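By convention in this document, chain letters (A, B, ...) are assigned in the order of the sequence lines, proteins followed by strands, and residues within each chain are numbered from 1. Values reported hereafter were calculated over all heavy atoms of this structure, with side chains retained and with hydrogens, waters and symmetry mates removed. Since the model is a prediction, treat every value here as computed from it, not as a measurement.
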Protein chains: 2
Amino acid sequence: MTYRFPSLNGLKAFEAAARHQSFKAAAAELGVTPGAVSQQVKRLEASLGISLFRRLPQGLLLTREGGAYLPKVSRAFDLLTDATEAVAPALNGRKLSVGISERLIAHLPKGWPRHSKALDAYIRETRISEDVELIWSNDLDALLLDRQTRQANLSEHEIVAGDGAHAFFIVTRYGLANCRQTQAIIDELSR
Amino acid sequence: MTYRFPSLNGLKAFEAAARHQSFKAAAAELGVTPGAVSQQVKRLEASLGISLFRRLPQGLLLTREGGAYLPKVSRAFDLLTDATEAVAPALNGRKLSVGISERLIAHLPKGWPRHSKALDAYIRETRISEDVELIWSNDLDALLLDRQTRQANLSEHEIVAGDGAHAFFIVTRYGLANCRQTQAIIDELSR
DNA sequence: CGGATAGAGTGAGATTTTCTATGCCTTGCA
DNA sequence: TGCAAGGCATAGAAAATCTCACTCTATCCG
């Protein structure tokens, strides 16, 4: 058995663009420029031999084929996400050690994370740091940053504060990207 | 909604290595060197934060986590393959135009593809060529080669002849990689 | 025991892929 | 008409990935 399908980056770009009906919005989600998304989608269309979007001056419109493709691709991504979550390193309820960017502190809820009962169950300690190396060395489980850094081979997820005034980014190994502990932090900061 | 999972190349390497229980065999399937597979898997393990294989001198052994991950990843790849097949360009039963490498002719079944009733229904014409450009320009639907060429953004699938004496490679757009017509060619050459 | 073989790991450098930066074109709207 | 937005093209920069050459360990034989 050998599987045959086009490049994942292309599929990711397509999936995000289709969901947002916009290259620009997709680019923002993926943390790249709209041009990159445009190129990825174009390559994908070429490699499939069909066109997935109609480009209108007002924006994008999925073609019939694109519309049929989207839900299936999304479903596959769901599976990968779930599978990845399931093999997360056995934390066994261990609390996380979280690094926080100096610049971020002013924008965090007052007394964070102490004031939050919810997070008490998930965070062991916080430290001032933006050093990704501490993740690789297992000194930190997660890093809260104030801007996107696009670390290779690490999950970086945007968190938009409830008031919309700030955006945070949480960096972890993929194995921890979807676990209960990480999710709790995201939920808490999203309010 | 935004999906979070590690690089597809890493997952592909893992999936193939796990299936074969060997980096070497996986490398052959993927058309790269064993070193590349080793690096991919290592990166994947690092980015998940767990180890997927135990490396023994005799070969590989999936860890518990690796064993749990494999079937789910395979399933996701299945979905992507199916989805890709389903959006294949509407051939509507159209027959394919196939390019054949000069060097290959001697190794094809005698009188191929004429003598095969099965292929009559799927092949319109064959032409001597190894020019991938003819695929991009839609002059050809598929190309039969005698060696791997690793074309970017095209599906390249190995076909091992029934007698095991020869290997062919069929190159198409991904949209045509799994369609009935292509499958018929693969089946016919595999006997 | 000694040599040959087989599979996996490493690191440097080459190659390929992907991204950014710019500028252009079209449309919609004040 | 002037301007903002969205998408597109292309060249060059940046990053990811692969190959190559070599090492290490274990196994298989004679």
Side-chain angles (χ1 to χ4, degrees), chain A residues 5-47 51-63 66 132 136 147-156 174, chain B residues 5-47 51-63 66 132 136 147-156 174:
Chain A
F5 46 81
S7 109
L8 178 70
N9 282 346
L11 290 173
K12 268 170 95 170
F14 161 69
E15 199 273 345
R19 210 158 12 86
H20 292 289
Q21 300 273 309
S22 153
F23 286 172
K24 193 183 182 184
E29 172 179 317
L30 299 173
V32 297
T33 59
V37 175
S38 166
Q39 290 182 348
Q40 289 281 13
V41 171
K42 197 170 173 186
R43 265 197 290 274
L44 176 62
E45 293 178 315
S47 90
S51 103
L52 297 166
F53 292 108
R54 292 193 52 204
R55 278 80 165 170
L56 306 175
Q58 311 82 307
L60 295 179
L61 206 55
L62 275 168
T63 58
V132 180
W136 292 119
R147 56 182 170 188
Q148 190 141 17
T149 57
R150 285 178 68 58
Q151 293 300 327
N153 297 313
L154 288 177
S155 159
E156 180 170 54
Y174 278 101
Chain B
F5 45 81
S7 110
L8 179 69
N9 283 346
L11 290 173
K12 268 170 95 171
F14 161 68
E15 199 272 344
R19 209 154 17 82
H20 292 290
Q21 299 273 312
S22 153
F23 286 174
K24 193 183 181 188
E29 172 178 318
L30 299 173
V32 298
T33 60
V37 175
S38 167
Q39 289 181 354
Q40 289 281 15
V41 171
K42 197 169 171 186
R43 264 197 291 274
L44 176 63
E45 292 178 316
S47 92
S51 101
L52 298 166
F53 292 107
R54 292 193 52 206
R55 277 82 165 169
L56 305 176
Q58 312 82 309
L60 295 178
L61 207 57
L62 275 168
T63 58
V132 180
W136 291 119
R147 54 181 173 193
Q148 191 140 17
T149 58
R150 285 180 66 62
Q151 293 299 326
N153 297 313
L154 288 177
S155 160
E156 181 169 51
Y174 279 101

In terms of side-chain heavy atoms of A/A152, which of D/dA16, D/dC18, C/dA8 is nearest? D/dA16

Whole-Å distance between C/dT18 C1' and A/L44 CG? 15 Å

Is the distance from OP1 or OP2 of C/dG9 to the nearest side-chain N or O of B/R55 less than 4.0 Å? yes

Between C1' on D/dG7 and CD on A/Q21, what's the gap in Å once rounded to a whole number? 15 Å

Grab the NZ-C1' distance between B/K42 and D/dC18 for me, whole Å please. 15 Å

Looking at the side chain of A/L60, which of D/dT17, D/dG7, D/dT19 is the nearest nucleotide? D/dG7

Is there side-chain contact between A/N9 and A/R43, with at least one heavy-atom pair below 4.5 Å? no

Determine yes or no for a side-chain-to-main-chain donor-acceptor pair under 3.5 angstrom, with A/E156 supplying the side chain and A/T149 the backbone. yes

Heavy atoms from C-beta onward define the side chain here; which of C/dT18, C/dT10, D/dT17 lies closest to that of A/S7? C/dT18

Closer to the 5' end of DNA chain C via nearest nucleotide, is it B/R150 or B/G59? B/G59

Within the 4.5 Å heavy-atom criterion, are B/Q21 and B/L62 side-chain neighbours or not? yes

Along DNA chain C (nearest heavy atom to each residue), the more 5'-positioned of A/N9 and B/K24: B/K24

Looking across every strand, which nucleic acid part, if any, lies under 4.0 Å from B/Q39 by heavy atom: base, sugar-phosphate, or nothing? base

How many whole angstroms separate atom CZ of B/F14 from atom C1' of D/dT17? 20 Å

The test is side-chain contact (heavy atoms from CB on, under 4.5 Å); show your working for A/L60 and A/R54 and say whether it passes. CA-CA 6 Å; A/L60 295 179; A/R54 292 193 52 204; over 6 Å; no

Does the protein touch nucleotides 22-30 of chain C at the base, only the backbone, or not at all? Give it as B, S and - per nucleotide, heavy atoms under 4.0 Å. -----SS--

How many Å lie between NZ on A/K12 and P on D/dA16, as a whole number? 12 Å

Tell me: CZ of A/R43 to C1' of D/dT10, nearest whole Å? 13 Å

Classify the ring geometry of A/F23 against A/F53: parallel below 30°, tilted from 30° to 60°, perpendicular beyond 60°. perpendicular

Interatomic distance where CZ belongs to B/R54 and C1' belongs to C/dG9 [whole Å]: 17 Å

Is a donor on one side and an acceptor on the other found under 3.5 Å between the side chain of A/S47 and the backbone of B/L154? no

B/F53 CZ to C/dG7 P: how many Å, rounded? 15 Å

What contact category does A/T33 fall into here, base, sugar-phosphate, or nothing, at under 4.0 angstrom with non-hydrogen atoms? base

If we only count heavy atoms from C-beta on, is the A/L8 to B/S7 side-chain gap below 4.5 Å? no

Looking at B/S38, I'd like to know whether one of its side-chain N or O atoms comes within less than 4.0 Å of OP1 or OP2 on C/dA8. no

